Amino acid sequence: MPELPEVETIKRGLELVLPGKTIEGVDINYAGSIKAPSCEEFARQLPGLTFTGAGRRGKYLLLCLDDNSLLVVHLRMTGRLFFCESEIETDKHIHLKIIFKDGSRLYFHDVRKFGTIWWLPVSRACEIRGLAALGPEPLSADFDVSYFNSKTDRRSTNIKALLLDQTFVAGLGNIYVDEALHKSGILPTRPAKSLTTPERKKLITSVQEVLLDAISWRGTTFNDYRDAAGMSGQFQNRLSVYQRHHKPCLSCGTFICRTVVAGRGTHFCPSCQS
DNA sequence: AGCAGGACCTGATGGC
DNA sequence: TGCCATCAGGTCCTGC
């Protein structure tokens with residue numbers, strides 16, 4: 001599941017190879033991936049454009065083109081975006097191929113077909129509703145205790161659901177929410193508004209530390225995630241609770257529990273978290 | 001308005 | 001061994 005650290009890792013990889021690449025042609029194998037414009041328009045208008053850079057907002061990848069437009073990619077659950085110097089073997093899960101003038105290629109691969117791609121002028125990026133509604137970046141100074149307080153006043157939801165809410169904070173998913181809650185010693189079922197000020201501070205710091213650590217290990221790979229060069233991440237070897245149920249907590253030895261919170265598989269230590 | 005739950009999708013897994 | 005049901009999860013949508 002690509003979350004912020006995985007998307008950031010892909011962005012950093014693409015930043016090294018995409019700028020200066022001019023599109024020669026586009027092969028669309030699954031029309032459902034392209035949300036805007038129409039496939040015909042997409043395939044007709046991209047050739048001739050040159051990539052100038054790459055950015056990220058939450059889990060959205062923003063690839064900049066020289067006509068002041070953006071190729072926006074959301075990988076959802078199983079999407080991969082990777083660059084190759086030459087053609088690779090055909091795979092039924094490759095839904096889009098962008099071929100560059102120098103023979104290199106950018107592939108979009110997605111087993112579950114949830115991933116989505118838009119191409120639009122920078123000025124119209126706000127029309128992508130999920131992108132426009134994103135909360136602050138968790139690694140920015142905007143994500144602080146006063147912001148947390150302002151958003152929890154009238155909400156009765158639990159802290160896990162709040163952290164998964166992309167309009168509250170952008171880029172967290174199931175893995176890093178479980179990890180950050182463990183690191184901060186807070187149970188996922190706690191009502192968000194019940195957190196004390198020290199707990200809020202600790203949680204914000206934990207979210208940031210977990211994300212920075214995961215970025216430094218190039219993300220978490222279970223089955224599907226790969227970076228822009230097709231490589232796995234390594235953070236799965238550093239996880240404290242996610243997918244570790246029935247294994248001992250690395251801090252206290254108590255067995256990690258699994259339950260469902262906010263409709264998601266949820267992992268926690270019943271001793272370290274309260 | 002806020003929240004829960006279903007839909008989307010397909011490979012992996014578990015039970016019979 | 002093989003078939004079928006269930007599960008995984010990010011976001012959008014619907015309904016309470």
Side-chain angles (χ1 to χ4, degrees), chain A residues 1-8 10 29-36 56-62 72-81 91-96 108-118 125-135 137-138 148-181 188-194 207 211 214 219-226 232-233 235-236 239 241-246 256-268:
Chain A
M1 301 136 267
E3 304 181 26
L4 189 153
E6 290 75 31
V7 179
E8 178 66 24
I10 293 169
N29 296 316
Y30 175 61
S33 298
I34 313 289
K35 293 301 169 189
R56 178 193 60 75
R57 179 78 175 90
K59 300 172 197 170
Y60 290 82
L61 262 171
L62 312 172
V72 180
V73 181
H74 196 305
L75 300 170
R76 312 273 171 174
M77 314 289 303
T78 54
R80 300 180 189 176
L81 197 62
D91 176 328
K92 66 174 178 174
H93 302 304
I94 291 173
H95 305 317
L96 173 68
F108 173 66
H109 178 285
D110 189 9
V111 170
R112 288 188 205 166
K113 298 181 173 173
F114 279 12
T116 42
I117 297 172
W118 300 259
C126 56
E127 291 175 17
I128 301 173
R129 196 158 15 138
L131 180 60
L134 288 176
E137 285 291 320
F148 191 107
N149 295 345
S150 73
K151 287 290 181 179
T152 47
D153 275 357
R154 290 183 231 156
R155 299 187 66 163
S156 61
T157 192
N158 61 60
I159 187 60
K160 170 140 184 175
L162 184 70
L163 292 173
L164 286 172
D165 180 352
Q166 302 297 298
T167 70
F168 173 69
V169 63
L172 294 179
N174 206 33
I175 297 173
Y176 298 109
V177 166
D178 279 8
E179 292 297 309
L181 285 169
T189 47
R190 282 274 298 282
K193 62 166 78 163
S194 77
V207 164
L211 291 176
T220 302
T221 296
F222 279 108
N223 299 311
D224 296 289
Y225 164 71
R226 296 293 185 278
S232 299
F235 195 69
Q236 63 278 9
L239 295 170
V241 284
Y242 188 79
Q243 291 288 310
R244 293 198 65 250
H245 44 295
H246 308 319
I256 299 298
C257 295
R258 183 186 184 280
T259 180
V260 174
V261 180
R264 297 285 174 263
T266 297
H267 313 76
F268 64 97

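All values derive from a computational prediction rather than experimental measurement. Letters A, B, ... are given to chains in the order of the sequence lines, protein chains preceding strands, and every chain is numbered from 1.
Taking side-chain N and O atoms only, A/T78 has no distance below 4.0 Å to OP1 or OP2 of C/dG9. For B/dT10, the OP1/OP2 oxygens have a side-chain nitrogen or oxygen of A/K113 closer than 4.0 Å. One finds a side-chain N or O of A/Q166 lying less than 4.0 angstrom from the OP1 or OP2 phosphate oxygen of C/dT11. For A/H93, a side-chain nitrogen or oxygen approaches OP1 or OP2 of B/dG11 to under 4.0 Å. Neither OP1 nor OP2 of C/dC12 sits under 4.0 Å from any side-chain N or O of A/R76. OP1 or OP2 of C/dG10 lies within a sub-4.0 Å distance of a side-chain N or O belonging to A/R264. Between A/K92 and the phosphate of B/dT10, there is no side-chain N or O to OP1/OP2 separation shorter than 4.0 Å. Note on A/Y242: a side-chain N or O is less than 4.0 Å away from OP1 or OP2 of C/dG9. When the side-chain nitrogen and oxygen atoms of A/R155 are compared with OP1 and OP2 of B/dC3, one or more of them lie within a distance under 4.0 Å. Regarding contacts with the backbone of C/dG10, every side-chain N or O of A/H74 stays at 4.0 angstrom or more from both OP1 and OP2. Not one side-chain nitrogen or oxygen of A/K151 sits closer than 4.0 Å to the OP1 or OP2 atom of B/dG2.
In this structure, A/L163 places its CG atom 15 Å from C1' of C/dG10, rounding to the nearest Å. Rounded to whole Å, atom C1' of C/dG9 lies 10 Å from atom CD of A/E3. Between A/E6 atom CD and C/dG9 atom C1' the separation is 13 Å, expressed in whole Å. Atom-to-atom, CD1 of A/I117 to C1' of C/dT11 comes out at 16 Å; the value is rounded to the nearest Å. If you take OH of A/Y225 and P of C/dG10, they are 15 Å apart, rounded to a whole angstrom. One can place CZ of A/R80 at 13 Å from P of B/dG11, the figure rounded to the nearest angstrom. The nearest whole Å value for the distance from the CZ atom in A/F222 to the P atom in C/dG9 is 9 Å. Taking atom NZ of A/K59 as the reference point, atom P of C/dG10 lies 5 Å away to the nearest angstrom.
When A/F268, A/F222, A/F235 are each tested for a ring-ring contact (aromatic ring centres under 6.0 Å, His included) with A/Y242, only one passes: A/F222. Of the listed residues (A/L164, A/I159, A/N158), just one forms a side-chain contact (heavy atoms from CB on, under 4.5 Å) with A/L162, and that residue is A/I159.
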Margin query: Could you walk me through whether A/Y225 and A/E3 satisfy the side-chain hydrogen bond (donor to acceptor under 3.5 Å, both in side chains) test, starting with their C-alpha distance in whole Å, then the side-chain angles of each, then the deciding distance to 0.1 Å, before giving a yes or no?
Written below: CA-CA 10 Å; A/Y225 164 71; A/E3 304 181 26; over 6 Å; no

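Residue whose closest nucleotide on DNA chain C sits further toward the 5' end, between A/G130 and A/M77: A/M77. For the pair A/Y30 and A/D165, nearest-nucleotide mapping onto DNA chain B gives the more 5' position to A/D165. Comparing A/Y60 and A/V260 by the nucleotide of DNA chain C that holds the closest heavy atom to each, the one mapping nearer the 5' end is A/V260.
A salt bridge links A/K160 with A/D178: the distance from a Lys NZ or Arg NE/NH1/NH2 to an Asp or Glu carboxylate oxygen falls below 4.0 Å. Checked for salt-bridge contact, A/E6 and A/K59 miss the test: no charged N lies under 4.0 Å from a carboxylate O. Using a 4.0 Å cut-off between charged nitrogen and carboxylate oxygen, A/D91 and A/R80 do not count as a salt-bridge pair.
Using a 4.0 Å heavy-atom cutoff across all strands shown, A/F168 reaches no nucleic acid atom at all. Here A/K35 lies out of heavy-atom contact (under 4.0 Å) with every strand.
In this structure, A/F114 counts as stacked on the base of B/dC8 under the 5.5 Å centre distance and 30° plane angle limits.
The nucleotide whose nearest atom lies closest to any side-chain atom of A/R129 is, among B/dC3, C/dC13, C/dG10, C/dC13.
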